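What follows is a set of notes on a single structure, which appears directly below.
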Amino acid sequence: MSEFHYNDDTTEQISNIYRTVLSQIGENPDREGLIKTPERVAKALQFLTQGYDIKPEDILKSALFSEEYSEMVIVKDIEVYSMCEHHMLPFFGKAHIAYIPNGTIVGLSKLPRVVDAFSRRLQVQERLTIEIRDCIQETLKPKGVAVVLECQHMCMQMRGVQKQNSVTTSSAFTGLFLSNDSTRKEFINLVQAKLH
């Protein structure tokens, strides 16, 4: 993504709210360590939710190429950082994406950028998985798309059930990945394989 620019009015408004939040939880927003915290939080929130201003399909459209390659293309271990919409706590992990071209391929760097565009919003992992899948399917019109996300959720690990080692896996498929068992198994095997 290009260099991010903060909105001064938004920064000021969110900062004021967080000064109140600090007071409400029993802190002193005027103590040395917290004086700039409201502004830092305001900027962090803008950065972490910048995906609302990005059209992921435009990212893909910027690097489409005609190519007769028709085998599976996989980009795996794409880092995911998002925020749960229920508690506004982070969840993070890896995305694995595959598609089978149908006359069109996309620049490989664009798939991680699509993941970033959708994950830089308040999310749930299940919707994030489907949004990535649908964007690739609708823009590239491939023979199939496969998306698997493996994430750890701070809302489970820091609060609630407090299960520190739990990992949530979600998947979404279209086309040949849905209709052909061997294609889906090949994708899963390649994702699990340590080829590098």
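Every value quoted in this text rests on a predicted model; they were computed, and no experiment measured them.
A salt bridge links Glu85 to Arg127: one of the charged nitrogens lies within less than 4.0 Å of a carboxylate oxygen.
Side chains of Gln137 and Thr174: a donor on one and an acceptor on the other come within 3.5 Å. No donor-acceptor contact under 3.5 angstrom links the side chains of Gln125 and Thr168, judged on distance only. For the residue pair Ser82/Ser119, the side-chain donor-acceptor check at 3.5 Å is not satisfied.
Among residues two or more places apart in sequence or in another chain, the salt bridge (charged side-chain N to carboxylate O under 4.0 Å, His left out) test is passed with Asp8 by none.
In this structure a side-chain-to-backbone donor-acceptor pair under 3.5 Å is missing from Lys110 to Leu64. Looking only at distances, no side-chain donor or acceptor of Glu39 sits under 3.5 Å from a matching main-chain atom of Lys36. Looking only at distances, a side-chain donor or acceptor of Gln46 sits under 3.5 Å from a matching main-chain atom of Ala42. Looking at Arg121, its side chain does come within 3.5 Å of a backbone N or O of Gly51 through a donor-acceptor pair. Counting only distance, with no hydrogens or angles, the side chain of Arg19 and the backbone of Ser15 share no donor-acceptor pair below 3.5 Å. Under a 3.5 Å cut-off, the side chain of Gln123 and the backbone N or O of Phe118 do form a donor-acceptor pair. The backbone N or O of Arg40 sits nowhere less than 3.5 Å from a side-chain atom of Tyr18 that would complete a donor-acceptor pair.
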Yes or no on side chain to side chain contact (heavy atoms under 4.5 Å, CB included) for Phe91 and Leu128, after CA distance, side-chain angles and deciding distance?
-> CA-CA 12 Å; Phe91 68 91; Leu128 176 58; 4.1 Å; yes
Evaluate the criterion side chain to side chain contact (heavy atoms under 4.5 Å, CB included) for residue pair Thr139 and Val106; output intermediate values, then yes/no.
-> CA-CA 10 Å; Thr139 308; Val106 67; over 6 Å; no
Evaluation steps, salt bridge (Lys or Arg N to Asp or Glu O under 4.0 Å), between Lys61 and Glu57 = CA-CA 6 Å; Lys61 289 176 184 175; Glu57 61 275 11; 5.9 Å; no
Candidate pair Val191 and Val148, rule side chain to side chain contact (heavy atoms under 4.5 Å, CB included), full reasoning | CA-CA 9 Å; Val191 164; Val148 170; 5.7 Å; no
Steps toward side chain to side chain contact (heavy atoms under 4.5 Å, CB included) verdict (Arg133, Val145) = CA-CA 6 Å; Arg133 177 202 66 188; Val145 176; 4.0 Å; yes
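Proximity of Met83 to Leu45: side-chain heavy atoms (C-beta onward) are separated by under 4.5 Å at one or more points. Side-chain contact between Pro142 and Pro101 is absent, with no heavy-atom pair separated by less than 4.5 Å. Residues Lys143 and Ser70 meet the side-chain proximity criterion, which asks for heavy atoms closer than 4.5 Å. The side-chain heavy atoms of Met72 and Phe177, taken from C-beta on, include a pair separated by under 4.5 Å. Residues Pro29 and Ile35 are not in side-chain contact: their nearest non-hydrogen atoms beyond the backbone lie 4.5 Å or more apart. Asn7 has its side chain out of reach of Thr11: every pair of non-hydrogen atoms, C-beta onward, lies at least 4.5 Å apart.
Of the listed residues (Ile105, Thr104, Ile74), just one forms a side-chain contact (heavy atoms from CB on, under 4.5 Å) with Tyr99, and that residue is Ile105.
In this structure, CG on Leu140 lies 6.0 Å from CG on Leu60, to the nearest 0.5 angstrom. Rounding to the nearest 0.5 Å places NE2 of His96 at 8.0 Å from OG1 of Thr169. One distance of note links CG of Leu34 with CD of Glu27; it measures 5.0 Å at 0.5 Å rounding. In this structure, CZ on Phe187 lies 13.5 Å from CG on Leu176, to the nearest 0.5 angstrom. Annotation: the span from Ser62 atom OG to Arg113 atom CZ amounts to 8.0 Å, rounded to 0.5 Å. Rounded to the nearest 0.5 Å, atoms CG (Leu89) and SG (Cys155) are 6.5 Å apart.
Each salt bridge (Lys or Arg N to Asp or Glu O under 4.0 Å) pair with one or both residues in residues 164-188, not counting sequence neighbours, appears once here: Asp181-Arg184.
Taking the six-membered ring where tryptophan is involved, the planes of Tyr81 and Phe92 are essentially parallel, since the angle between them stays under 30° and well short of 60°.
Linking Ile, Leu, Val, Met, Phe, Trp and Tyr whenever their side-chain heavy atoms come within less than 4.5 Å leaves Ile132 and Ile130 in two separate clusters. Cluster membership for Leu149 and Val167, using ILVMFWY side-chain heavy atoms within less than 4.5 angstrom, is not shared. Using a 4.5 Å cut-off between side-chain heavy atoms of Ile, Leu, Val, Met, Phe, Trp and Tyr, with links allowed through other members, Val80 and Ile54 fall into the same hydrophobic cluster. Val124 and Tyr52 fall into different hydrophobic clusters, where Ile, Leu, Val, Met, Phe, Trp and Tyr side chains are chained together by heavy-atom contacts under 4.5 Å. A single hydrophobic cluster is seen to contain both Leu108 and Val114, as judged by linkage of ILVMFWY side chains at heavy-atom distances under 4.5 Å, directly or through other members.
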